[in-house]
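Taking it in order: structure first as structure tokens, then the write-up.
Everything quoted here is computed from the prediction, not taken from an experiment.
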Amino acid sequence: MSTFEGGFPAVYNPRQVLDHPDFRVLKPGEKTSSTANIAAFYNPAHEIHLVEKPVPKPGPGQVLVHVRATGICGSDVHFWKHGAIGPMIVTDECGSGHESAGEVIEVGEGVTQWKAGDRVAMENGVPCSQPSCDACRIGRYNGCPNVVFFSTPPFHGTLTRWHLHPAQWLHRLPDNVSFEEGSLCEPLAVALAGIERSGLRLGDPLLICGAGPIGLVSLLSARAAGAEPIVITDLFQSRLDFAKKLVPGVRTALISRTATPKEQAEVIKQVADTPLTVALECTGVESSIHTAVYSMDFGGKVFIIGVGKSEQTFPFMHLSANEIDVSFQYRYANQYPKAIRLISGGLIDVKPLVTHRFPLEDAVSAFHVAADPAQGAIKVQIQD
């Protein structure tokens, strides 16, 4: 397969869309036909808008998918508002969205496992899968240096009507799993990777920092894994109330903006009423990480799922003197099949996480709701 700069497959070269004569930015409120391939894009000017782009044709090993449901991730909002996450920088018009499920419309040459009408969840981090790639060869493909992750600049995302996807990175949805649930497999995959890599075991007392979408899906996963007790924190009481409805047995601790991490940790310990041995840190905020550290018992583990600023300070000697391990996560690998089984089997119910739904034509409005904490959104979904 031919490549463009960085060793990425040429078929995913974003210029093929941006330089196409059919690509154009739609005017606010402009209407298009129901067959137009519209998508939500952000750019370096921190604008979010709809575009019209060509309808792709599947080549060998590819599948054309009608994207039926896409969730807005915090990273989508961050790329729009701030233009970068670490080294991943928005340098041109870039398509958003990577939490998607849809229906197969057409298959390319050599594709035998899919046919038109099949319902699929889309795993949107596509590694090179070459034997020469250590990460791919050992199954930790999230570390592939030539991964194409849709919606991470420069690659266009899946918040679009028609999306071209490699056949081997689609996952079949059982009849009892909706497109909406299928799109939630992506944040669930993040949580499941965290549960697995943290070593959480049945009966472990757990702290979850942050009751946003990843914190809440981690809560559902941890409850299914048998953690007890579980304490979850957040700055907003409304999110803690939502967590309590989601998992009635969870214990909640409201974070005070004026308390120090050590003071906040004492509150958390009182709420837990037992030594905490594992923390899933889902915010990436330095003060929250410190709070998690000070909340742990001797020999505990702080597992950081959240994404934060590039450089942070840690309470080194407290970690050292208490043998507290700190580990990190980058996306996920080998989690989608597990996520689908857990939803289909009824062990994890992700449906309550979707609080707002918008049609594709109103994707810009959906982004504004997702970006405004006052709107009370947990997961905003765009459906077509």
#### Entry: Y294 six-ring face occupied by K262 cation (under 6.0 Å, within 45°)
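Yes; both conditions hold, so K262 lies above the ring face of Y294.
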### Task
May I ask you to check if R197 and F303 form a cation-pi contact, with NZ or CZ under 6.0 angstrom from the six-membered ring centre and within 45° of the axis?
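So R197 doesn't make the cation-pi contact.
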Quick check: closest heavy atoms across [X] and [Y], and the distance to 0.1 Å?
| X | Y | value |
| --- | --- | --- |
| C136 | P127 | SG-CB, 3.6 Å |
| R161 | A36 | NH1-O, 2.7 Å |
| P187 | E99 | CD-CD, 3.7 Å |
| I382 | A363 | CD1-CB, 3.6 Å |
| R239 | P213 | NH1-CD, 4.4 Å |

Hey, is [atom1] on [X] packed in by over 12 heavy atoms from elsewhere, all under 6.0 Å?
| X | atom1 | answer |
| --- | --- | --- |
| R24 | CZ | yes |
| F298 | CZ | yes |
| R357 | CZ | yes |
| Q168 | CD | yes |

### Query
Passes ring pair (Phe, Tyr, Trp, His ring centres under 6.0 Å), F23 versus F41? Steps please.
CA-CA 12 Å; F23 178 84; F41 272 50; 5.7 Å; yes
Taking the ring of [Y] and the ring of [X], is the distance between their centroids below 6.0 Å?
| X | Y | answer |
| --- | --- | --- |
| H165 | W114 | no |
| H66 | W162 | yes |
| H156 | F150 | no |
| Y332 | Y141 | no |
| H49 | Y42 | no |

Is there a donor-acceptor pair closer than 3.5 Å between any side-chain N or O of [X] and the backbone N or O of [Y]?
| X | Y | result |
| --- | --- | --- |
| N176 | S344 | yes |
| T160 | I38 | yes |
| R341 | G345 | no |

#### Entry: Test log, rule side-chain hydrogen bond (donor to acceptor under 3.5 Å, both in side chains), inputs T152 and R331
CA-CA 12 Å; T152 295; R331 294 174 176 159; 3.2 Å; yes
### Task
Report the C-alpha separation of K57 and E106 in whole Å, then their side-chain angles, then the decisive distance to 0.1 Å, and conclude whether the salt bridge (charged side-chain N to carboxylate O under 4.0 Å, His left out) test is met.
CA-CA 8 Å; K57 186 76 175 172; E106 185 181 356; 2.6 Å; yes
